[in-house]
*Asks:* 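To start, I am sharing the structure in question, which I have written as structure tokens.
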Protein chains: 2
Amino acid sequence: MPQQKKPQNPSVKDKKGTKTSKSLIKRLPVYLRILDNLIRRDVDIISSRVLSDETGFTAEQIRKDLATFGAFGTRGTGYNTSYLREKLLKITGLDKQIRIVVVGSGHLGKALTRYNILKNPYVEIAGIFDANPAELNTEILGIKVQAMEDMPRLIEEQSIKVAMITVPAEVAQAVVDLLVENGISAILNFAPTKLRAPAGVHIHNADLTIELQSLIYYSLEREKE
Amino acid sequence: MPQQKKPQNPSVKDKKGTKTSKSLIKRLPVYLRILDNLIRRDVDIISSRVLSDETGFTAEQIRKDLATFGAFGTRGTGYNTSYLREKLLKITGLDKQIRIVVVGSGHLGKALTRYNILKNPYVEIAGIFDANPAELNTEILGIKVQAMEDMPRLIEEQSIKVAMITVPAEVAQAVVDLLVENGISAILNFAPTKLRAPAGVHIHNADLTIELQSLIYYSLEREKE
DNA sequence: CAGTCTGTGTTAAAATATTAACAAGTTTGT
DNA sequence: ACAAACTTGTTAATATTTTAACACAGACTG
Ligand SMILES: NC(=O)c1ccc[n+]([C@@H]2O[C@H](COP(=O)([O-])OP(=O)(O)OC[C@H]3O[C@@H](n4cnc5c(N)ncnc54)[C@H](O)[C@@H]3O)[C@@H](O)[C@H]2O)c1
Ligand SMILES: NC(=O)c1ccc[n+]([C@@H]2O[C@H](COP(=O)([O-])OP(=O)(O)OC[C@H]3O[C@@H](n4cnc5c(N)ncnc54)[C@H](O)[C@@H]3O)[C@@H](O)[C@H]2O)c1
């Protein structure tokens, strides 16, 4: 089967036409988090050096990352925390409240829902769904678990685009298909399985087992030396 | 402060002296998972092409990854699933049962403990600890939550090296210090904060918020096009 | 207000990681 | 036994990502 030429890495471009890498995009929320902390502590100005201490990334990398999107700092001084935060919010899209749904109200789904309600000001849990009748109407911080049948209407009415799925691996693909069918275009998947979706639908995998197992590799490595 | 020359990326070397990248190491558990599935379905031989379908990585990359550690396949045929699994277990260090402790028996800590007991045959949860007296002696699938005071003894007696921490960000550093002091050398951190540890102690961060927020970036990106 | 100091932004170099190409084994069929 | 069909493992080429170097801009000093 002669595979057709693969389209180049679908990374997006910034204003200047240079590519923004995936790794860069994953650092942006870290910067944002640190800025939130600094602002809470009434810090007005921050240098890339200090940001480096707080984040663990090198100062060079931080400057380069930020410069990708514009000149947000003042030479000789540093970055204004509030101003930089504004800019990063715009860039990441977190300036407008994002509504998401959670599918699977098991242990992980409940933990994530609770956590995001309490601690993540940038997203709003619009609904949580489960196929198990026993879960229905149980509450997580005031949000009732709903039946899968009610999901399409909620997604449609609130034009929700983002979902987290915390269902068993065996049913994850079916849930993805259902979500996509109803207009979801970005999915954070916690099930340990490869999922397929049409082009244009973004699937990120949060594979906690991989994190643990690769850590173990490094932990043993050390002993040999 | 003239920073001393940074030691080169602490990536380890394989038998042939070529470097094994971090990204490669994170793909190994995926291969392992697929092999476990295949073996359960009595599949004896698998080609890189099919592995590619199952994992989402390209066949070229899979061959290259595996070839890093040796020649495990048979030309013209493919890889023997059981043999390859054995090899990967050895390489990742998952051939011997790994005992780990969990610190923080909150929602996430409980979910992870339960999950690993039920679904992760490669690790054994040796203990779970919490500072909140109300949590003490509550059970998770038969494992009792213990007081922090009991942690050092357990770690010592079972020579445990790996820990997962699911405590609030504010106390995470203190917990890391305590763990390291007692001999832990690899930590999987779920708290959204940068942690410090002496050289030789591996810290991996599983930052679920970053995953969600970077996904949102991509989900909005799409709309513009 | 010239001169110095500090820290950004930009450009260049180095290091990593992925993709592609193909030579070298294996099996299968005749 | 030989050719055709496959599939690995290795080497070379690309692409991406990180690191480094430094010119430049604002702030501060005397
Ligand atoms: N809990 C963890 O720490 C952890 C760690 C790593 C991976 N995961 C993965 O995350 C997922 C969820 O884990 P969990 O521990 O919460 O499991 P869980 O069994 O506690 O929860 C799964 C939930 O999904 C619901 N469900 C089942 N089929 C469904 C369907 N077709 N549609 C909608 N809902 C359905 C179930 O009713 C249940 O409430 C699993 O895929 C698991 O492998 C969990
Ligand atoms: N729950 C999630 O989905 C989620 C998502 C992203 C990040 N996190 C992070 O994971 C961590 C845990 O989250 P959670 O939702 O389970 O919180 P939680 O509040 O449910 O649990 C935290 C637990 O840590 C214990 N604790 C507090 N101080 C301690 C100490 N000094 N020593 C030992 N134990 C201590 C508490 O008693 C509690 O049981 C937090 O850092 C949170 O930011 C959680």
Side-chain angles (χ1 to χ4, degrees), chain A residues 1-28 30-31 44-53 55-81 83-84 87, chain B residues 1-28 30-31 44-53 55-81 83-84 87:
Chain A
M1 168 181 33
Q3 203 98 16
Q4 118 182 53
K5 198 87 160 222
K6 208 168 286 174
Q8 205 40 311
N9 176 7
S11 64
V12 284
K13 312 236 174 179
D14 66 32
K15 298 158 206 161
K16 298 194 217 93
T18 56
K19 294 204 201 121
T20 58
S21 70
K22 276 181 214 159
S23 22
L24 193 177
I25 299 303
K26 287 213 173 179
R27 287 191 291 269
L28 297 180
V30 179
Y31 301 144
D44 287 336
I45 301 288
I46 188 86
S47 71
S48 59
R49 173 70 64 102
V50 178
L51 269 177
S52 169
D53 285 345
T55 60
F57 308 131
T58 68
E60 293 79 4
Q61 183 157 63
I62 293 169
R63 289 205 300 279
K64 195 160 198 307
D65 282 354
L66 299 178
T68 306
F69 301 100
F72 303 144
T74 308
R75 294 183 181 202
T77 308
Y79 301 91
N80 177 292
T81 49
Y83 180 71
L84 183 56
K87 289 297 185 183
Chain B
M1 167 180 38
Q3 202 99 16
Q4 120 183 49
K5 197 85 162 227
K6 206 167 290 175
Q8 205 39 312
N9 176 7
S11 62
V12 284
K13 313 236 173 178
D14 67 32
K15 299 158 207 162
K16 299 192 219 95
T18 57
K19 293 201 200 122
T20 58
S21 70
K22 276 181 213 160
S23 21
L24 192 177
I25 299 303
K26 287 214 172 179
R27 286 191 292 268
L28 297 181
V30 179
Y31 300 145
D44 288 335
I45 301 286
I46 188 85
S47 71
S48 59
R49 172 71 64 100
V50 177
L51 269 177
S52 169
D53 285 345
T55 60
F57 309 132
T58 66
E60 292 79 3
Q61 183 157 64
I62 293 169
R63 289 205 299 277
K64 195 162 197 307
D65 283 353
L66 298 179
T68 307
F69 301 101
F72 303 144
T74 308
R75 295 182 181 202
T77 308
Y79 301 90
N80 177 291
T81 50
Y83 179 71
L84 183 55
K87 289 297 184 182

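Everything numeric here is computed off the predicted structure, so don't read it as measured data.
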*Asks:* Please name the residue in the list Arg63(A), Lys64(A), Glu60(A) that meets the side chain to side chain donor-acceptor pair (under 3.5 Å) test with Ser48(A).
*Replies:*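 One option only clears the test, and that one is Arg63(A).
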*Asks:* From CD1 of Ile45(B) over to P of dT26(C), roughly how many Å is that when rounded to an integer?
*Replies:* 13 Å
*Asks:* Atom CZ of Phe57(B) to atom P of dT19(C): distance rounded to whole Å?
*Replies:*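 That distance rounds to 11 Å.
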*Asks:* Could you go through the side-chain contact (heavy atoms from CB on, under 4.5 Å) check for Lys87(A) and Phe69(A) one step at a time?
*Replies:* CA-CA 9 Å; Lys87(A) 289 297 185 183; Phe69(A) 301 100; over 6 Å; no
*Asks:* Would you sort out whether Ile62(B) and Asp65(B) count as a side-chain contact (heavy atoms from CB on, under 4.5 Å), showing the intermediate values?
*Replies:* CA-CA 5 Å; Ile62(B) 293 169; Asp65(B) 283 353; 5.5 Å; no
*Asks:* Can you tell me if Thr81(A) uses its side chain to pair, donor with acceptor, with the backbone of Ile45(A) under 3.5 Å?
*Replies:*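 No: the side chain of Thr81(A) does not pair with the backbone of Ile45(A).
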*Asks:* Answer yes or no: is there a side-chain heavy-atom contact under 4.5 Å between Phe57(A) and Val30(A)?
*Replies:* yes
*Asks:* So, does Thr77(A) use its side chain to make a donor-acceptor pair with the main chain of Gly73(A) at under 3.5 Å?
*Replies:*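 A pair under 3.5 Å: no.
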*Asks:* When the distance from CD1 of Ile25(B) to P of dT16(C) is rounded to whole Å, what number comes out?
*Replies:*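 From Ile25(B) CD1 to dT16(C) P: 15 Å.
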*Asks:* Grab the CD1-C1' distance between Ile62(B) and dT19(C) for me, whole Å please.
*Replies:* 13 Å
*Asks:* What is the separation between atom NZ on Lys26(A) and atom P on dT16(D), rounded to the nearest whole Å?
*Replies:* 18 Å
*Asks:* CD of Glu60(B) versus P of dT7(D): gap in Å, rounded?
*Replies:* 13 Å
*Asks:* Roughly, in whole Å, what's the span from CZ in Phe69(A) to P in dT10(C)?
*Replies:* 14 Å
*Asks:* Below 3.5 Å is the cut-off: list the nitrogen or oxygen pairs between protein and nucleotides 3-9 of chain C, distance only.
*Replies:*
unit_1, atom_1, unit_2, atom_2, d
dG7(C), O4', Gly76(A), N, 3.3
dT8(C), OP1, Ser48(A), N, 2.8
dT8(C), OP2, Ser48(A), OG, 2.6
dT8(C), O2, Arg75(A), NE, 3.4
dG9(C), OP1, Phe72(A), N, 3.1
dG9(C), OP1, Gly73(A), N, 2.8
dG9(C), OP2, Tyr79(A), OH, 2.9
dG9(C), O4', Arg75(A), NH2, 2.8
dG9(C), N7, Arg63(A), NE, 3.1
dG9(C), O6, Arg63(A), NE, 3.4
dG9(C), O6, Arg63(A), NH2, 3.0

*Asks:* Rounded off to whole Å, could you give me the CD-to-C1' distance for the Gln61(B) and dT16(D) pair?
*Replies:* 13 Å
